[in-house]
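Below, chains carry the letters A, B, ... as their sequence lines are ordered, and counting in each starts from 1.
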Amino acid sequence: MEQLIHRVEEWVRQQPIEQIYVAFAVLIFTISFFGLFRVLRRSKSNTILLAGLSGSGKTVLFYQLRDGSPHLGTVTSMEPNDGTFVLHSELEKNGKLKPVHLIDVPGHSRLRPKLDELLPHSAGVIFVVDSLDFLPNCRAAAEYLYDILTKAIIVKRRIPMLILCNKADKVTAHSKEFIRKQLEKEIDKLRASRSAISTADIANDFTLGIPGETFAFSQCRNKVTVAESSGLTREVSQVEQFIRELVKP
Amino acid sequence: MLDQLLIFTRGGLILWELGSSLKGSPIDALIRSCLLEERSADAAFHYDAPGAAGGAAYTLKWVFDNDLGLVFVAVYQRIFHLLYVDDLLAAVRREFSRIHDPSRTSYDDFNETFRQLQKEAEARAEEMRKSKQAARVPTAPKKQTSGSGKQRNSGSSGNTSGSGKDESDGDSGKGRWLANGSSNGQGNESKDNSRAPSGFLKGKETGAREVGAFDVNKLQKLRSKGGKKTDAGGVGSKATKAEPKKNVKKNRVWDDSPSESRLDFTNPVDERGEEPLEVVEADRGESMMDKEEIVSSESESEEDEEVENEKPCTKKKGWFSSMFQSIAGNAVLEKSDLKPALKALKDRLMTKNVAEEIAEKLCESVAASLEGKKLGSFTRVSSTVQTAMEEALLRILTPKRSIDILRDVHVAKEHGRPYVVVFVGVNGVGKSTNLAKVAYWLLQHEVSVMLAACDTFRSGAVEQLRTHARRLQIPIFEKGYEKDPAIVAKEAIQEAKSNNSDVVLVDTAGRMQDNEPLMRALSKLINLNNPDLVLFVGEALVGNDAVDQLTKFNQKLADLSTISNARLIDGILLTKFDTIDDKVGAALSMVYVSGAPVMFVGCGQSYTDLKKLNVKSIVKTLLK
């Protein structure tokens with residue numbers, strides 16, 4: 001072993017010094033080139049996340065967008081649904097269509113850490129809200145939404161978000177304006193109670209909105225829009241519009 | 001007689017379904033309270049559809065196909081004791097995995113295959129039953145008489161708990177019987193009658209809520225494997241307990257020494273007389289609840305080397321072929337492969353002070369979720385098991401509801417009522433000390449706190465709280481000793497409402513979980529006052545007893561409650577965390593058993609020593 005090292009050393013010393021410098025420079029150049037490439041490439045990911053409380057209709061939406069129908073129905077998801085596909089309604093269109101990478105993250109509170117793993121790679125987040133059963137879950141939905149909106153990645157990269165009021169086909173579903181106002185109110189209250197804790201709150205990295213004013217989604221640094229949809233009756237046009245804006249062909 | 005058989009993916013899409021629609025949503029309940037709670041190794045799950053007028057009680061059984069990520073669930077009415085379900089599920093799994101295709105989403109052709117399988121399974125079950133009945137005829141009469149005697153008991157006791165283990169008929173020889181009274185008494189009787197011919201009596205009920213609470217009877221079964229344990233004795237008679245429950249609340253006699261002299265030393269004059277005493281205002285800086293914990297993200301070293309060298313390797317396949325397979329990534333995980341890795345993991349967990357039953361259940365659950373899975377390339381069995389276990393632990397310790405107390409306090413404030421927290425636990429775990437710490441933390445967030453001294457038994461408890469109140473400069477409501485704690489608490493809450501305190505912290509006396517009269521008193525306190533948060537205080541030093549404490553507390557609170565929706569333990573406060581170095585297993589045992597999240601961790605004896613549980617670091621410590 002020692003002999004080998006000796007031999008290598010002698011051989012290295014024998015080479016003219018410029019060659020070693022050139023070899024070194026080439027190495028550093030290639031490494032930096034690839035690093036830059038990867039950094040630049042990351043900003044053009046085409047992953048969209050479907051998040052929301054358990055039972056809001058994410059899995060139904062996922063299959064609706066993929067296959068055009070939710071098949072036999074769904075149960076509470078235990079794992080994320082991951083798929084890269086061309087949106088079903090666009091299959092008929094001709095021309096070059098870039099496939100969309102859609103991930104449906106389970107909404108059950110025990111599986112929340114999965115969302116944190118997937119956020120760094122996402123280009124947009126669709127937060128699905130159950131407009132039918134909204135008021136009993138308003139607080140939980142607002143807390144989840146608040147947690148997502150205050151994550152460092154969302155704020156820094158200004159990842160756009162769509163708040164989707166699902167199940168809008170039902171008669172007793174609330175309108176999207178009502179839901180938006182309720183969520184803003186709840187988040188306002190959350191802001192007060194969470195920021196009362198000192199700067200080192202483990203859960204939230206940033207504070208939302210402008211202090212002193214009532215919270216509105218327009219105050220967020222990332223773009224937040226509200227839309228309606230219905231997973232079961234295939235009313236997903238607004239969702240697809242959002243997706244298409246983000247994942248340009 | 002199967003109500004429904006469902007095949008769905010782990011991601012939630014239903015692939016195939018046969019049967020009528022069910023009342024309520026049993027499948028979702030199964031997923032939420034059983035599979036996601038790492039109880040997938042249980043034999044069956046019982047579900048009561050809410051609001052149903054009797055008869056909508058289902059039993060669910062399931063089977064995994066971990067390779068394809070599928071779950072097969074069979075649902076049937078609880079009163080039917082179907083023997084062929086396990087068999088049928090295994091057969092369905094076999095057949096379905098043959099025709100399964102990830103891109104297909106409709107499997108209508110499976111209907112025919114299923115009908116055939118069902119007929120075969122029923123036929124097989126019939127044969128087995130006939131052959132067993134022939135062998136059991138001589139012993140049947142003896143069972144009947146003992147059975148009828150116990151049947152009478154079942155109606156009287158007020159116990160409700162779920163027994164899930166569907167013991168195969170081979171166990172009939174033991175004649176073990178779980179005494180469970182039931183709140184739906186009629187259902188019990190009819191069930192017992194229908195099952196009498198099989199000569200094997202079981203009481204099968206569930207608790208009033210599916211809160212994911214640990215199954216007491218299963219636990220008792222595990223413990224009394226050797227002999228017969230009739231817990232009818234524990235419910236009916238209180239012979240072994242030393243406390244005579246009299247109508248008048250006399251002081252408790254622990255031994256024979258007479259101590260009838262006046263014990264109430266609270267001297268109301270004293271308070272004024274002690275004014276000149278130096279009141280050290282408690283301002284020790286920020287409570288550790290608000291300090292961010294820096295978790296070092298070190299790369300996880302491969303500890304598996306040591307594990308593998310320790311155990312004597314008895315590999316069935318040759319070393320070379322298993323290495324090759326692990327590189328190529330085609331090995332299918334068998335139970336025999338998982339056993340050594342799981343045993344090592346279980347031992348490791350137990351050295352970290354996790355209760356033995358909990359470690360066992362966890363390992364079984366992880367095995368159930370890994371069996372049949374294909375190993376990825378370049379991975380070993382031990383690392384796959386480790387990752388699966390880590391995920392499972394993360395899932396269990398992540399709270400399933402928000403533990404933001406400040407938010408709840410604000411909500412209660414808006415409604416104009418005080419937020420009431422009751423601290424319960426066994427003797428000497430640190431309730432009063434940690435109560436003061438919580439009060440200190442709340443004060444730092446501009447919440448007005450009031451203490452209620454409902455520990456009217458222990459000498460010096462009221463003075464202790466009084467001292468804390470003086471140092472923190474908050475009001476305290478106390479009525480001295482030997483008063484009924486429930487009444488004291490009620491009056492304290494009224495007083496808090498009148499002087500606009502936001503939070504009332506109620507201190508109770510420590511009590512052992514087996515002590516029937518004391519548990520009844522506690523239940524009365526909770527029912528009378530309906531607190532917002534019932535906080536169980538447990539010490540991190542406890543070992544296997546944690547399981548027993550929590551199950552008994554929850555059970556007693558459920559049984560002795562007068563309202564239908566009983567209040568159970570809502571949160572856990574883990575104390576004396578600084579005394580254990582890395583033996584953090586008590587946290588896991590407690591959370592697994594009760595399903596309640598750990599809201600606070602007490603890590604010292606001064607006011608600032610209160611922090612939140614850092615799930616990731618606990619999981620890392622447990623698996624180190």
Let me know if A/R112 has heavy atoms under 4.5 Å from chain B in its side chain, its backbone, both or neither.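 Contact with chain B is absent: no heavy atom of A/R112 under 4.5 Å.
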
Does any heavy atom of chain B fall under 4.5 Å from the side chain of A/P113, the backbone, both, or neither of them?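 Contact with chain B: side chain only.
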
Is there a donor in the side chain of A/T76 and an acceptor in the side chain of B/D28, or the other way round, less than 3.5 Å apart?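 A pair is found: one side chain offers a donor N or O, the other an acceptor, under 3.5 Å apart.
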
Is the distance between the ring centroids of B/F8 and B/W16 under 6.0 Å?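 Centroid separation for B/W16 and B/F8: 6.0 Å or greater.
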
If we ignore hydrogens and angles and just use 3.5 Å, is the side chain of A/K58 paired with the main-chain N or O of A/L53 as donor and acceptor?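 Answer holds: yes.
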
Is the backbone N or O of A/E228 less than 3.5 Å from a side-chain atom of A/Q238, with the two atoms forming a donor-acceptor pair by type? yes

Would you call A/K114 and A/E117 a salt bridge, using N to O less than 4.0 angstrom? no

Please state whether the side chain, the backbone, both or neither of B/V71 comes within less than 4.5 Å of a heavy atom of chain A. side chain

Can you tell which part of B/V411 gets under 4.5 Å to a heavy atom of chain A, answering side chain, backbone, both or neither?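 Just its side chain gets close to chain A.
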
Go through B/E17, B/E391, B/R32 and name the one with the most non-hydrogen pairs under 4.5 angstrom from chain A.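 Result: the option with the highest number of such pairs is B/R32.
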
Among B/I396, B/T9, B/T398, which residue has the highest count of heavy-atom pairs closer than 4.5 Å to chain A?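 Among B/I396, B/T9, B/T398, the one with the most close pairs to chain A is B/T398.
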
